There are 2 protein chains.
Amino acid sequence: MILTVNAPSHRYPIYIGANLIELLQQYAAQHTAPSCMIVTNETIAPLYLQAVANVFQAACNTVHSVVLPDGEAYKNLTTLNCIYDALMTQRLERKSTLIALGGGVIGDMAGFAAATYQRGMPFIQIPTTLLSQVDSSVGGKTAVNHPMGKNMIGAFYQPQAVFAAHNVLNTLPCREFSAGLAEVIKYALLGDSAFLAWLEEHITALITHNADAWAYAVQKCCQMKADIVAADEKESGVRALLNLGHTFGHAIETEMGYGNWLHGEAVAAGMVAACRLSEKMGYITPADTRRVQQILSAAKLPTEPPRFAFDKWLSHMQHDKKVQGGKMRFVVLHSLGKAAVEECNDAELLRSALKEWLPEKV
Amino acid sequence: MILTVNAPSHRYPIYIGANLIELLQQYAAQHTAPSCMIVTNETIAPLYLQAVANVFQAACNTVHSVVLPDGEAYKNLTTLNCIYDALMTQRLERKSTLIALGGGVIGDMAGFAAATYQRGMPFIQIPTTLLSQVDSSVGGKTAVNHPMGKNMIGAFYQPQAVFAAHNVLNTLPCREFSAGLAEVIKYALLGDSAFLAWLEEHITALITHNADAWAYAVQKCCQMKADIVAADEKESGVRALLNLGHTFGHAIETEMGYGNWLHGEAVAAGMVAACRLSEKMGYITPADTRRVQQILSAAKLPTEPPRFAFDKWLSHMQHDKKVQGGKMRFVVLHSLGKAAVEECNDAELLRSALKEWLPEKV
């Protein structure tokens with residue numbers, strides 16, 4: 001199946017199918033570039049690097065690769081510089097192709113390297129995690145982390161194509177698969193109550209890697225994302241809804257140390273916090289929040305944030321990219337399936353939303 | 001005087017006038033932002049930082065600043081990170097404004113920081129050197145250097161406005177002023193033989209800081225650049241002509257160590273090498289090249305490259321951003337006032353063009 005992302009800056013296909021190498025072969029046959037470089041990590045390289053390189057060997061004169069350490073802790077300027085060094089040393093050109101082979105960390109970093117090497121070179125996304133298949137590989141957000149905030153240095157830069165294959169998930173650890181389900185659930189909560197009901201029914205099928213359930217969920221999420229990106233590529237409006245759970249989630253990731261909570265786990269817990277805030281604002285009920293916690297729990301995800309002090313929450317969230325004029329803005333739920341961005345600078349309201357997860361006073 | 005750059009991605013004004021603070025006051029009165037940060041260097045800060053900050057104090061709630069070390073040697077990822085740290089620490093927002101106050105190094109680096117902080121924040125250019133007024137502040141090329149190649153990491157990202165003032169050049173060292181004239185002469189050579197004749201007549205007026213001559217030259221160069229950027233923002237065609245002298249020039253800068261030759265000096269010498277190559281290709285005559293050397297000499301610029309080995313020339317030039325399919329491409333002159341991009345992979349032709357500046361065999 002092929003979906004199309006009609007981003008204002010660039011139109012491109014998302015290929016969704018059972019087998020990665022088959023998907024790539026069709027594409028590579030029509031693809032020419034003076035050379036290409038595959039960016040991957042130590043975990044993925046032994047599994048897929050050679051097979052992917054073989055496919056592109058026919059299309060590009062030369063296939064280079066760079067293998068990075070694995071994990072969110074390495075999504076920083078230092079690792080980015082390793083990619084630049086490899087690009088320079090191997091003399092990749094402005095019209096060469098960069099290939100991101102990995103999860104969200106690899107996709108975000110390689111994408112940012114592609115956005116900035118020689119002021120922009122073509123790149124393609126081969127997401128090897130559920131999370132990157134349904135979310136980070138689509139839509140052109142690229143970034144690295146700053147020690148003080150997630151994804152603070154980056155660019156909007158669209159790929160030439162995205163390849164989401166079912167068989168690469170066979171090697172994905174369960175914990176990572178669940179982290180991907182957090183983003184799947186996010187789509188349902190922010191914009192599609194019927195999809196939420198479908199997920200509640202099919203969560204076991206998804207967890208057990210049923211191919212049809214996977215294909216339906218991936219296609220649904222990618223289509224929602226494609227529609228949103230077509231309407232608002234650079235997040236001046238509706239795209240911000242995709243950040244449901246992310247303001248709280250990024251605070252958790254920054255506070256706990258990048259990589260200790262997986263991004264999807266932090267988003268899951270962040271969505272629960274966003275639910276509680278939505279309750280406090282009078283939009284949804286505690287029963288709605290319990291329903292969200294139930295599907296997260298069925299997906300083997302955290303159902304509440306870790307405990308840390310309120311002033312730390314506040315400090316991290318004041319670095320959020322949605323802050324405007326010093327005022328924090330949050331994605332809240334008007335109902336399960338309908339999100340909106342609202343300003344909230346009321347520290348007491350925020351404190352009450354987070355109350356049950358703040359350390360007890362001594 | 002106000003020129004307009006109609007870049008496809010963004011339309012913006014270039015203000016050209018006698019007095020910097022007066023130019024800024026008009027603009028700042030209509031400009032609001034939650035906060036702004038001035039990026040400058042140790043040389044410029046004592047001269048203009050306070051006055052510029054005062055102007056923006058009225059427009060922005062808060063004016064921050066970051067003062068970097070001065071020089072091309074600092075145009076790298078490490079210094080860039082100092083800007084990111086300041087932006088994060090001072091909590092600049094996505095809609096805050098970054099203000100580049102300095103020459104090409106500051107403009108390129110601050111512009112790249114603005115392009116990538118939170119995936120893009122507004123920025124304005126206040127060029128304080130002739131070179132940045134006529135060239136680097138206009139057109140949206142931002143970058144830092146890689147140890148193996150100049151401007152290899154960057155983005156196309158247009159400013160909100162550019163302010164070119166005559167009075168800031170009073171504090172510019174003569175050597176820097178001459179370096180700026182190299183880019184002025186470049187415009188004449190690549191596209192306007194009448195402007196070349198005008199320059200030959202007015203070079204003394206320019207060198208002695210005559211205000212009318214300055215205004216005419218700056219307006220002429222900015223208009224040429226604006227026209228080229230409007231036609232080809234991302235350098236897929238005609239914009240490459242602005243690289244006249246730059247392929248050889250970047251090789252000189254990289255080989256001699258960033259900052260030892262000023263960029264404009266390297267471009268001057270690079271243009272002479274480009275003339276010699278154009279001769280060897282049969283386009284122009286040795287008399288044409290002498291004419292170019294004469295105007296460069298009158299502008300107190302180098303008239304030939306430094307001596308280093310041919311294989312070093314080759315190695316640096318093979319990293320050029322114009323390389324396509326492994327083939328080097330050069331901006332050559334069909335006549336004085338008419339440039340074109342041509343492929344040249346003939347090492348013997350290149351060697352013969354550079355012959356007089358290669359070390360003698362021992």
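Just so we're on the same page: letters track the sequence lines, and every chain starts at 1. Here the structure is a predicted model, which means the values were calculated and not measured.
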**Q** With a 4.5 angstrom heavy-atom cut-off, which part of A:Thr62 approaches chain B: side chain, backbone, both or neither?
**A** neither
**Q** Using non-hydrogen atoms and a 4.5 Å limit, figure out which bit of B:Thr78 sits close to chain A: side chain, backbone, both or neither.
**A** neither
**Q** Return yes when atom OH of A:Tyr74 has more than 12 non-hydrogen atoms of other residues, nucleotides or ligands closer than 6.0 Å, and no otherwise.
**A** no
**Q** Side chain, backbone, both or neither: which part of A:Lys141 has a non-hydrogen atom closer than 4.5 Å to chain B?
**A** both
**Q** Any idea which of A:Lys322, A:Met148, A:Arg91 has the most non-hydrogen atom pairs under 4.5 angstrom with chain B?
**A** A:Arg91
**Q** For B:Leu77, which atoms come within 4.5 Å of any heavy atom of chain A: side chain, backbone, both, or neither?
**A** side chain
**Q** Measure distances from A:Ser9 to the heavy atoms of chain B and classify the residue's part below 4.5 Å as side chain, backbone, both or neither.
**A** neither
**Q** Check each of B:Lys95, B:Arg119, B:Arg94 against A:Glu235 using the salt bridge (Lys or Arg N to Asp or Glu O under 4.0 Å) test, and report the only one that passes.
**A** B:Arg94
**Q** Among the options A:Tyr117, A:Phe112, A:Phe156, pick out the one with the most heavy-atom pairs lying under 4.5 Å from chain B.
**A** A:Phe156
**Q** Taking every heavy-atom pair that is under 4.5 Å apart, which of B:Asn81, B:Thr142, B:Asn151 has the most such pairs with chain A?
**A** B:Thr142
**Q** A:Gly149, A:Pro34, A:Gly326, A:Gly325: which one forms the most heavy-atom pairs within less than 4.5 Å of chain B?
**A** A:Gly325
**Q** Check whether A:Tyr157 gets within reach of chain B through its side chain, its backbone, both or neither, counting any heavy atom under 4.5 Å.
**A** neither
**Q** Between chain A and each of B:Lys234, B:Met88, B:Met152, count heavy-atom pairs under 4.5 Å; write down the option with the most.
**A** B:Met88
**Q** With rounding to the nearest 0.5 Å, note down the distance linking CD in B:Glu93 to NZ in A:Lys327.
**A** 10.0 Å
**Q** Quick check on B:His319 against chain A: is it the side chain, the backbone, both or neither that has a heavy atom closer than 4.5 Å?
**A** both
**Q** Counting heavy-atom pairs under 4.5 Å with chain B, which one of A:Thr89, A:Thr116, A:Leu87 comes out on top?
**A** A:Thr116
